[in-house]
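Here the structure is laid out as structure tokens; the discussion comes afterwards.
Atom set for the values below is all heavy atoms of this structure, side chains included, hydrogens, waters and symmetry mates excluded.
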2 protein chains.
Amino acid sequence: MPFLRERLRCHLRGTRYPCRYPALGRGSRTVWFEGKHVVTAQYSEEAVSRRPRAPRRPTIADIAERAGVSAGAVSYALNGRPGVSEETRARVIEVARQVGWTPNNAARALTGVGVATVGMVVTRAASVLGVEPFFMSFIAGIEEVLAEKDFALLLQVAPFADKELDTYQRWWSGRRVDGVFVVDLRVNDPRVARLTELGLPAVVVGDPKYAGSLPSVWSDDASAVWEAARHLAALGHRRIAHVSGPEHLVHTGVRSAAFRDSGRELGIEVVQLYTDYSLEAGTAAAATLLADPAAPTALVFDNDLMAVAAVHVAREMGLRVPEDVSILAWDDSPLCRLTSPPLSAMSRDVAAYGASAARLLLAAIAGERAGSMRSSVPHLIDRGSLAPANPGAPLT
Amino acid sequence: MPFLRERLRCHLRGTRYPCRYPALGRGSRTVWFEGKHVVTAQYSEEAVSRRPRAPRRPTIADIAERAGVSAGAVSYALNGRPGVSEETRARVIEVARQVGWTPNNAARALTGVGVATVGMVVTRAASVLGVEPFFMSFIAGIEEVLAEKDFALLLQVAPFADKELDTYQRWWSGRRVDGVFVVDLRVNDPRVARLTELGLPAVVVGDPKYAGSLPSVWSDDASAVWEAARHLAALGHRRIAHVSGPEHLVHTGVRSAAFRDSGRELGIEVVQLYTDYSLEAGTAAAATLLADPAAPTALVFDNDLMAVAAVHVAREMGLRVPEDVSILAWDDSPLCRLTSPPLSAMSRDVAAYGASAARLLLAAIAGERAGSMRSSVPHLIDRGSLAPANPGAPLT
DNA sequence: AACACGTGGTGAAGCGCTTAAGTTTGCCAT
DNA sequence: ATGGCAAACTTAAGCGCTTCACCACGTGTT
């Protein structure tokens, strides 16, 4: 009740700040009031400039009044809780619809019921992110599930991993999210420990072995690697290259290990290269590998972008795909159909992968003890970039 | 003070729900309490299962206590407002740091000061989004600016536009965002009207002519089209095709109109095709155009994805690029360097575009009357997919 | 008639923060 | 010594919602 302001507006006089009261500047000011002086303090410009916005949002109090019940009853009614009759519930819901009420998330969050928001931090350089199809498809899959439940996705894209932990912490302590995704899982990932410690519901996208006690979704890369290796072995390849992502990522390790194991088993020599997934890295890797007189007869790339680059490099070097060198991509996207020949790829449904992750996270938020969940195993789609080994071909 | 619960735990007896009190099911229950009966109501399972999480977040009350001042003073101190001495301010800030305090956004939002979050709704099919480099680069640019100010980005990806308005409305009434981006601006876009009406700060990404009174960032597509047209005219092209995006998008209209105008001026016949930006559409468009005996001698695509597809189609049809047909992409991404020949493109710095949008939105949220802001004009980067017209070439 | 018990409510506290309003103290000029 | 004035606080209300605690009343049972 700003009674002082009202009375001042009428009776303000004899002051150095006549009639300017509501627009006082920063700092404290002295004002006379009906003859004697009063002192008022701290009217910052911001406080004054912030005016109520045009249409006032309806609150449950408005609904309560119009429906002739208490605010508590409205809350019970709208949240589908017991405590009101079905008749009252229907009336309340109808009134809410009429006045166009939507819940004020901030207020709900304050009472501790959750903010209907989940978070995800993506750490990749902008140049890679823009081109790599994985994340956008993954996010699209996530949204599909979230939208149903009216959850929102808070996204942070950053070029470096240094602030990641910070971000999670801030989101948690600011109650901005109910749960988070952990993508690009690393070995001994500090995020796993921190999130567990914070008690913030989280879903790890990656191998459960490295997810600690957090629930996880994963795709069985090892099996897929074996499938690829067997296929290549059957085609007579005895020397292949595996151009993978950054070494510190768990799935890089899993795939590399599986390649080593399957190679040993199947009599294939595997050359291992680590990259940052970028187009440039793919180009460089392919160029280096193919320039070698003892070049591998097949190249397997850990994303499709690099594989596409490799097709390009091979052609530049006068090599035919697949006659001279076989190329296999990981993660199928429309890009793979754009090369000639189209790229064979280890394909998986990335959107479905994202959807699974989202479902698991929602379950974790709801308090269910969710375990790990295997998404479909990537399977080989052969489009013609694989052929029998031709060891003599390159650069002879 | 849940005294009842405490005493019940000790004295509960003679009830049908002995010792199960904290785990009562839904609905109301009757319970005896110290001999006489009492009635309790509405203990839902959810309410009971939600237990306080492990580490309690420190609040300003904690800081106030440790710093020996009131909570109000702490608020003034932490927000850099007048009302506390510099000495006290420093002490408070130090204590806050020590206890690891971070603001509770929900609480701040409730008082009306803003939630440090902006929103963006992206309406594209998952299949397109995954591959199209524009959005991820744009978002990366946005984040760069937001991160500095500790703002977060709320993202919604949906395949259809039908719920877009709804989403903005919900975000607004739930106080989930301080402002929003409007991308994929359409002619007579209902979002512009609605956002203006709501008074929700917004930045339109698109031509200011269609942005109403909202601030906007735009790239001068018309000028860029003229540049492209002049270049093609100089190469002797007299019949070109413009394969654009969906007809209802403003920038599609702008580019089409500019192509018509420049074509008339420069003596070029322009064939106009509308697509959904997808790879498939690009393939179909290229195939249709090139199969025509009177095919255009140059194809201009409104994104790079379709242009890449076109190079592929041309090769399949036995046409050489650029000798038989010139191809020009819009929005340069690494994809353009993956074809052979590499694609010439109308290039612009998409990340910088996003960053501008973010800066403008932050200004609008801060209450500054922001106008429109032109981002850099796309400019032609010639990589060799353009050559003098060869009208006789196709399918002769 | 007396009690047991369920239904369908109401009232109010409290989540963490901001800020209008008020108070205390001390300095300085008259 | 007193009034004017400013600095540096404190107090308390209130943002919108959820939920605990409590209760009146009606019905069924003994």
Five-pair end axes of the helix from C:dA1-D:dT30 to C:dT30-D:dA1, angle between them (10°):
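Taking five pairs per end, the axes differ by 50°.
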
Grab the two heavy atoms, one from B:Ala96 and one from B:Leu78, that are nearest each other, plus how far apart they are.
CB-CD2, 4.0 Å

Using every non-hydrogen atom in the two residues, find where A:Thr102 and B:Gly174 come nearest and quote the distance to one decimal.
OG1-N, 4.4 Å

Whether [X] contacts [N] is assessed here as follows: a side-chain N or O lying under 4.0 Å from the phosphate OP1 or OP2. Is that the case?
X: B:Thr111; N: C:dC17; answer: no
X: A:Arg108; N: D:dT18; answer: yes
X: B:Arg81; N: C:dT19; answer: yes
X: B:Thr88; N: D:dA8; answer: no
X: B:Asn104; N: C:dC15; answer: no
X: A:Ser70; N: C:dT10; answer: yes

Not counting sequence neighbours, which residues clear salt bridge (Lys or Arg N to Asp or Glu O under 4.0 Å) with B:Arg359? List them please.
none

Pairing residues for A:Asp150 by the salt bridge (Lys or Arg N to Asp or Glu O under 4.0 Å) criterion, not counting sequence neighbours:
B:Arg170

Please classify the nucleic acid contact of [X] as base, sugar-phosphate, or nothing, using heavy-atom distances under 4.0 Å.
X: B:Thr59; value: sugar-phosphate
X: B:Ser85; value: sugar-phosphate
X: A:Val74; value: nothing

Could you give the [atom1]-to-[atom2] distance, from [X] to [N], as a whole number of Å?
X: A:Arg57; N: D:dG16; atom1: CZ; atom2: P; result: 9 Å
X: A:Ile60; N: C:dG11; atom1: CD1; atom2: P; result: 14 Å
X: A:Glu87; N: C:dT7; atom1: CD; atom2: P; result: 16 Å
X: B:Asn105; N: C:dG16; atom1: CG; atom2: P; result: 14 Å
X: A:Leu110; N: D:dG16; atom1: CG; atom2: C1'; result: 9 Å
X: B:Glu65; N: C:dC17; atom1: CD; atom2: P; result: 14 Å
X: B:Trp101; N: C:dT18; atom1: CH2; atom2: C1'; result: 11 Å

I'd like to check the side-chain contact (heavy atoms from CB on, under 4.5 Å) partners of B:Glu94; sequence neighbours left out, ordered by chain and number.
B:Arg97, B:Gln98

The side-chain contact (heavy atoms from CB on, under 4.5 Å) partners of A:Ala202 (sequence neighbours excluded) come to A:Val180, A:Leu195, A:Leu214

Can you find a heavy atom in the side chain of B:Tyr168 that is under 4.5 Å from one in the side chain of B:Arg194?
no

Pairs where residues 62-77 of chain B contributes a residue and the test salt bridge (Lys or Arg N to Asp or Glu O under 4.0 Å) is met, not counting sequence neighbours:
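Those involving residues 62-77 of chain B are B:Arg56-B:Asp62.
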
Selection from D:dA21, C:dG16, C:dA21 that lies nearest to any side-chain heavy atom of A:Tyr76
D:dA21

When you measure from the side chain of A:Ala73, which nucleotide among C:dA21, C:dG9, C:dT18 comes out closest?
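Among C:dA21, C:dG9, C:dT18, the one nearest the side chain of A:Ala73 is C:dG9.
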
Pairwise 5' ranking along DNA chain D for B:Val69 and A:Gly72, keeping only the more 5' one
B:Val69

Residue pair B:Arg175/B:Ala71 against DNA chain D: nearer the 5' end by closest nucleotide is B:Ala71

